[in-house]
Student: 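Have a look at this one before I ask anything.
Indexing begins at 1, ligand by ligand and atom by atom, following the structure's order.
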Amino acid sequence: MLTNVTGNIHKLVIQFPDGMGEVNCYLIEGKHGYTVIDTGTDSKEAKDGWEKVLASGIAIEKVVLTHAHQDHIGLAKWFQQDVGVPVIVSDLSYEEMKKNRVSGLKDRLNQLVIKHGGQGLSDHMKDEASIYDFEPDGLFENNQEIQLGDDFYQAIWTPGHAPDHFCFYHKEKKVMIIGDHMLKDINPVIGLWSGEEQNVLKDYFASLQVIKKYPSDIALPGHGDPILHLNDRVEEIKHKHEHRLEQVLASVKDKAKTANDVCYEIYGTVNIILNLSSFMATLTRLLYLESIGKVVRKEVNGKVSFESC
Ligand SMILES: [Zn+2]
């Protein structure tokens, strides 16, 4: 079940039916038990995965989260209240939790999608407010040293994929626990999952630069295999975004289009319910292009379209 990835760090892949389908949880050994990084979604499948590990008799000291997306925080409340393990989150994740624990997130997302040309979200989309409804046992903030297992890591704020995203860095071991900030084979989605319009791609580009300041031999992401050449991967990810930005810009040349229209052109899909990630990636690119003066928005009857200028 647990695979050793490096030194005292083990990986546990937790599976679940929705979204990415699985998440990497890392267990860092220490004399008081393991520190668990991230948990999986609030689902039977994910809980089964953890129950098997717990049944083997291992001790868990605490749970620490990289960010408050559902596939990372989903079972944190269960860990705290049913397993009896303290949960530590960043001050910014705590803010996200407070926002998300009142329902209404789905409504905000729905309004955003409709405003940008989509047809709205599926009625089947779950309201996950309850997973945020607990008080963390401790908070950490940017640049704070945080104990994971027996080691001290630096918490590094890397907004973009999520406004509350943190990586954890061990200077001597040159290990970076990188969450969803960067993945090995795919680009993490840069979306507006809080339903608020913000220039998150600008934040993401800045956070990619931040990572280059920390020499790492291995980076452990929230999904997929470890990244061994982190700086090369930063350049690849930037390249891919630049290519997509050019595509988006070309799509709105001489004709105003909504984010949904552009998404359809680039990704070849009209089904926003299944492809909310593509829609989000397109929208955040349009907002970025707007911020650097490459496109302008037009708003007619509450519906927004963009055109190059
Ligand atoms: Zn995420």
Student: Got a sec, which residues hit side-chain contact (heavy atoms from CB on, under 4.5 Å) with Lys77, two or more places apart in sequence or on another chain?
Tutor: Gln81, Ser130, Asp133, Phe134

Student: For the residue pair Gln247 / Arg244, report whether a side-chain donor-acceptor contact shorter than 3.5 Å exists.
Tutor: yes

Student: For the Zn ion (ligand 1), check which protein N, O or S atoms are under 2.8 Å away and list them.
Tutor: His67 NE2, His69 ND1, His161 NE2, Asp180 OD2

Student: If you link ILVMFWY side chains whenever their heavy atoms are less than 4.5 Å apart, which other residues fall into the same cluster as Met20? By chain and number, please.
Tutor: Leu183, Ile186

Student: Do the side-chain N and O atoms of Asp150 and His32 include a donor-acceptor pair separated by under 3.5 angstrom?
Tutor: no

Student: Does the pair Glu299/Lys115 count as a salt bridge with the N-to-O cut at 4.0 Å?
Tutor: no

Student: Can you list the other members of the hydrophobic cluster that holds Ile114, where links are side-chain heavy atoms under 4.5 angstrom apart?
Tutor: none

